[in-house]
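First the structure, in the form of structure tokens, and then the observations on it.
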4 protein chains.
Amino acid sequence: MFIKIDFTSDMPIYEQIKNQIIEAVARGELQNGDSLPSIRDLASEIGVNMHTVAKAYNELKDMGLIAINKKHGAYIAVSKGYNKEFLNEIIEEVTPIVAKAICKGMNKNELIRLIETIFDSFGGREDG
Amino acid sequence: MFIKIDFTSDMPIYEQIKNQIIEAVARGELQNGDSLPSIRDLASEIGVNMHTVAKAYNELKDMGLIAINKKHGAYIAVSKGYNKEFLNEIIEEVTPIVAKAICKGMNKNELIRLIETIFDSFGGREDG
Amino acid sequence: MFIKIDFTSDMPIYEQIKNQIIEAVARGELQNGDSLPSIRDLASEIGVNMHTVAKAYNELKDMGLIAINKKHGAYIAVSKGYNKEFLNEIIEEVTPIVAKAICKGMNKNELIRLIETIFDSFGGREDG
Amino acid sequence: MFIKIDFTSDMPIYEQIKNQIIEAVARGELQNGDSLPSIRDLASEIGVNMHTVAKAYNELKDMGLIAINKKHGAYIAVSKGYNKEFLNEIIEEVTPIVAKAICKGMNKNELIRLIETIFDSFGGREDG
DNA sequence: GTGGTCTAGACCACC
DNA sequence: GTGGTCTAGACCACC
């Protein structure tokens with residue numbers, strides 16, 4: 001599996017797992033129906049506790065990216081379409097970053113180009 | 001002072017303080033030389049511990065937004081210009097957000113327009 | 001057969017089977033004497049383990065909705081009339097839902113109208 | 001504190017805790033701003049593990065009934081107003097119960113009267 | 001003092 | 001074999 005944990009990071013392990021799976025889906029490496037390793041397998045592979053992986057998987061389920069069942073374990077099941085709440089979440093997360101960039105003298109074009117570069121790094125996939 | 005803490009939020013209080021000062025600078029409401037309230041005053045005004053305000057101020061100093069000295073207390077002192085480290089920090093913070101947006105089916109134009117709207121909400125200031 | 005399993009759901013499969021049969025009886029689609037598919041057939045049709053279907057059938061038998069025998073297999077055999085135990089079961093199931101609705105600001109009329117709509121969706125059958 | 005756990009119940013402990021707090025809010029016994037015992041205090045009082053209480057509190061936070069912060073611990077903070085998702089959740093929970101009642105020969109008036117009785121048992125509070 | 005994260009390990013329901 | 005629940009206990013961030 002493709003998960004790489006930085007144990008020295010301030011970011012909680014479960015969030016690192018979550019983010020890396022989100023990014024693999026964004027890149028198209030993981031597609032609808034693709035199965036994720038079982039909680040216990042992934043936990044032992046990356047050397048963390050079962051509960052840590054379970055927390056990551058459950059948050060991915062809550063955000064509508066995977067489904068979990070006892071028969072097949074966890075697999076990608078993206079529920080596309082964002083609502084107002086999701087948009088507000090994105091805005092709240094992005095706003096302080098934009099403010100920081102402005103303070104440091106970054107102009108709008110530079111910021112846009114940076115975002116575009118990041119977006120394109122996921123392969124420009126706009127379908128599912 | 002203009003700081004409003006949401007005690008309901010998951011975001012740590014010191015980070016809320018930090019972000020609101022960053023955003024005030026980005027908006028141009030706080031400019032170089034403007035003084036911030038003393039740690040003690042701000043702490044008592046918003047009803048939090050002095051340590052909490054001190055932590056926010058110290059991180060603002062570390063990121064080159066304010067200066068602190070015994071004589072004048074804390075005041076805005078923006079060191080413009082970003083290095084590679086700063087850029088990497090921005091990239092690391094933005095990447096998981098962009099990935100999430102892609103997963104939910106947001107396309108590049110929608111994302112760019114969202115970022116532009118947020119940028120413009122700070123007054124489009126690209127100077128100091 | 002009319003059973004549709006949502007493998008994405010948190011609801012156990014045996015309970016989904018059970019509920020869909022209960023709802024078919026409530027709608028009048030299944031009537032006394034109508035036979036259900038054999039455990040083996042239903043299991044293979046919906047792609048689940050035989051134990052899972054057997055558990056659903058056994059709970060339906062326990063609640064007095066179906067009968068099972070070697071000769072005819074499983075068939076609808078509704079024992080109408082509810083005792084105090086059944087009433088208490090309903091009350092225990094409904095109470096937390098009503099409490100949740102009240103917390104979220106739903107008033108009595110709104111709740112009653114919702115229940116009526118659901119009731120009527122079964123065809124308003126009040127006989128057997 | 002008012003929480004009573006039935007350790008023989010099939011219902012998970014964290015859900016019993018959650019339901020009893022929801023019901024206390026519905027009854028008006030707990031009002032906005034009222035503080036809940038700390039996770040560890042409640043855990044030791046009812047004789048369960050800290051994590052079990054934490055899970056209940058976190059789900060209450062997710063459904064918008066309480067707020068949690070490190071200074072004041074958990075306290076009631078009801079976000080009134082239900083959206084379409086909440087309504088669908090209620091409908092999905094109530095539908096199998098209504099179906100069961102119909103199968104057992106309960107008519108619409110009997111069911112409505114039962115729901116009304118349960119609703120009124122919370123004090124008929126329709127304000128916050 | 002408060003919740004958040006994480007561990008190691010157990011038992012259980014569902015499949 | 002899978003995830004879900006629960007325990008007992010640790011360390012940490014925030015306050």
Using the side-chain heavy atoms of C:Pro12, tell me which of these nucleotides is nearest: E:dC14, E:dT5, F:dC15. E:dC14
When we call it a touch if two heavy atoms are under 4.0 Å apart, what does B:His51 touch: a base, just sugar-phosphate, or nothing? nothing
A:Asn49, nearest nucleotide to its side chain (from E:dA8, E:dG3, E:dC15): E:dA8
Return the minimal non-hydrogen interatomic distance between B:Met50 and B:Ile39, and the atom names on each side. O-CG2, 3.5 Å
Would you mind telling me which of C:Leu36, C:Leu65, C:Leu60 makes a side chain to side chain contact (heavy atoms under 4.5 Å, CB included) with C:Ile76? C:Leu36
Can you tell me the distance, in whole Å, between the CG atom of D:Asp10 and the P atom of F:dC6? 12 Å
Could you give the CE-to-P distance, from B:Met11 to F:dC15, as a whole number of Å? 12 Å
CD1 of A:Ile13 versus C1' of F:dC12: gap in Å, rounded? 13 Å
Closest nucleotide among E:dC6, F:dC14, E:dA13 to the A:Lys70 side chain: E:dA13
Nearest nucleotide by nearest heavy atom, which residue falls closer to the 5' end of DNA chain E, D:Arg40 or A:Met50? D:Arg40
Atom CD1 of A:Ile39 to atom P of E:dA8: distance rounded to whole Å? 16 Å
Between P on E:dC15 and CD1 on C:Ile46, what's the gap in Å once rounded to a whole number? 10 Å
Which part of the nucleic acid, if any, lies within reach of A:Val48 when heavy atoms closer than 4.0 Å are counted: base, sugar-phosphate only, or nothing? sugar-phosphate
With heavy-atom distances below 4.5 Å as the criterion, would you say the side chains of D:Ile90 and C:Lys100 are in contact? yes
Would you mind reading off the distance between A:Ile66 atom CD1 and F:dT2 atom C1', rounded to a whole angstrom? 13 Å
Should B:Glu59 and B:Lys55 count as side-chain neighbours, where that means a heavy-atom distance under 4.5 Å? yes
Taking both distances under 3.5 Å as the test for a Watson-Crick or G-U pair, what stems of at least three pairs does DNA chain F have? E:1-14 with F:1-14
